[in-house]
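Okay, structure first, notes after.
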Amino acid sequence: MLKDLYKYRELLKTSVKKEIRGKYKGSFLGVLWSFVNPLLTVLVYAIVFPFVLKNTQPHYVTFLIIGILPWTWFTTSISGGTACIVNNGGIIKKVYFPREILPISIVTSGLINYLISCIIIIIFVLFSGIGLSKYILFLPIILIIQFVLQLGLLFISSSIDVYIRDAEYIINFFVNMLFYATPILYSSDLFPKKFSWILNLNPFTSIINGYRAIFYYKTLPNLENLFFVFLFSVIVLLIGYAVFKKLEKGFAEEV
Amino acid sequence: MKDNSYAIKIVNMSKNFKLYYDKPNTLKERLVFWNRKRPDDREVLKNINLEIKKGETVALIGINGSGKSTLLKLMTKIIYPTSGKIYVHGKLTSLLELGAGFHPDFTGRENIYFNAAVFGLTKKEIDKRLNDIIKFSELGEFIDSPVRTYSSGMYMRLAFSVAINVDADILLIDEILAVGDQHFQEKCYAKLHELKKKGKTIVIVSHSLDSVKDLCDRAIWIYEGKIREDGNVNKVVDDYLKECA
């Protein structure tokens, strides 16, 4: 598999580029929208939530940005990427290329977007007076975990979507639910103790808390949790790849 | 020991297509109509055994719907056999439909990069071939205009030029040489002859039997999903013509 992917690396590169540039093609702000969009979401929550929650975090906007930007990476990968095989049906019917390239390029373009938006995070962290710490060096580890997890999930969802087109909508629903079951708008200690098992089962809790630790609390992330999430993500990736490989054989006939 | 003398080997291969009357695509349809008629299986190719040696030029002939194009698609791994195995040795490029992966808003030059990337070329390799491709396509200054402004002939010329310059060991061609004007067609055949001399394996589906006779050494006549006749191109084409008449 890796040999084939390496051979087709140019295709991977061009499709990542197409993914980043093509998405907002024709709009006035173009690529800038990929950063303006999440910031506008942050704005909405930053206005609304202090009214609902009595005691929000200090530097709530920064707190939100650190959580929402990686979440945007997740939603663009999963909600936006589930249809990636179906949308490329035309080319899948006509030429052979390793089909994995499509989901991989979706998650990778999301990663690049997120890396660029990390500049925004750093700007906010600096200007809100929180400042940077050496723990930022843990960023690549969390990035890898999130990448692996998302790629595994996307392998599954995009290949199932070819056979059952409802997958897209069902997955959107779960992504929305998961948003509230992940400590993005709130910190995990605000979550009702009775239901804290939901947060503990959610792998994104550890991921978001990891980002928070290195950017916001300036502490060492919970490495033990991250390690378990990493193991889980690798398993998801392996299963996802197996599912993808199995279903891939019917892509050209079903799309 | 590995037998490396063949380019493509097909062993006991069959391919069924599901024939849906009303294809259930959504979950609701799948649940509500779960007991609806099962899709009929149609056997498009039946127990094909075939070996194409390195450097052979083979024509697949037969009437419409006999399974020629399906066979080509199976060879390129776009679709997979229902049973049996297909082995391929060497880098394979298929020209099943021209211009796969062309993006109408990008220029011809940019599309060369996209299209060649789809064929598995790296940027360096494309850079090296760029001039050959542009020269072969005879598009001249139009190469820097968006592809949507091209005439269909220009589009085909560009697509063919990319595919032919990929430098594959095995070339699969599906009835696409009917593109362009007389001059360009002749040029395409000249190029194919040149590739043949270089020892490339070529498998071509065509209805223009005269050019097939000229180019190929071997012909395979496919009839209703089976190999009806396989052998010297002149004999097979003549038998086929007799049958059709």
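By convention in this document, chain letters (A, B, ...) are assigned in the order of the sequence lines, proteins followed by strands, and residues within each chain are numbered from 1. Every value quoted in this text rests on a predicted model; they were computed, and no experiment measured them.
For the pair A/Arg9 and A/Tyr6, the cation-pi test (distance below 6.0 Å, angle within 45°) is passed. Taking the centre and axis of the six-membered ring of A/Phe97, the NZ or CZ atom of A/Arg99 falls inside the cone set by 45° and 6.0 Å.
Heavy atoms closer than 4.5 Å to chain A are found in the backbone of B/Leu121, but not in its side chain. For A/Lys17, no part sits under 4.5 Å from any heavy atom of chain B, backbone or side chain. In this structure, chain A has a heavy atom under 4.5 Å from the side chain of B/Lys73, while its backbone stays farther away. Proximity to chain B (any heavy atom under 4.5 Å) is restricted, for A/Ile92, to the backbone atoms N, CA, C and O.
Side-chain atoms of B/Lys68 come within 3.5 Å of backbone N or O of B/Ile63 as a donor-acceptor pair.
The six-membered or imidazole ring of A/Tyr211 lies away from that of A/Phe74, with a centre-to-centre distance of 6.0 Å or more.
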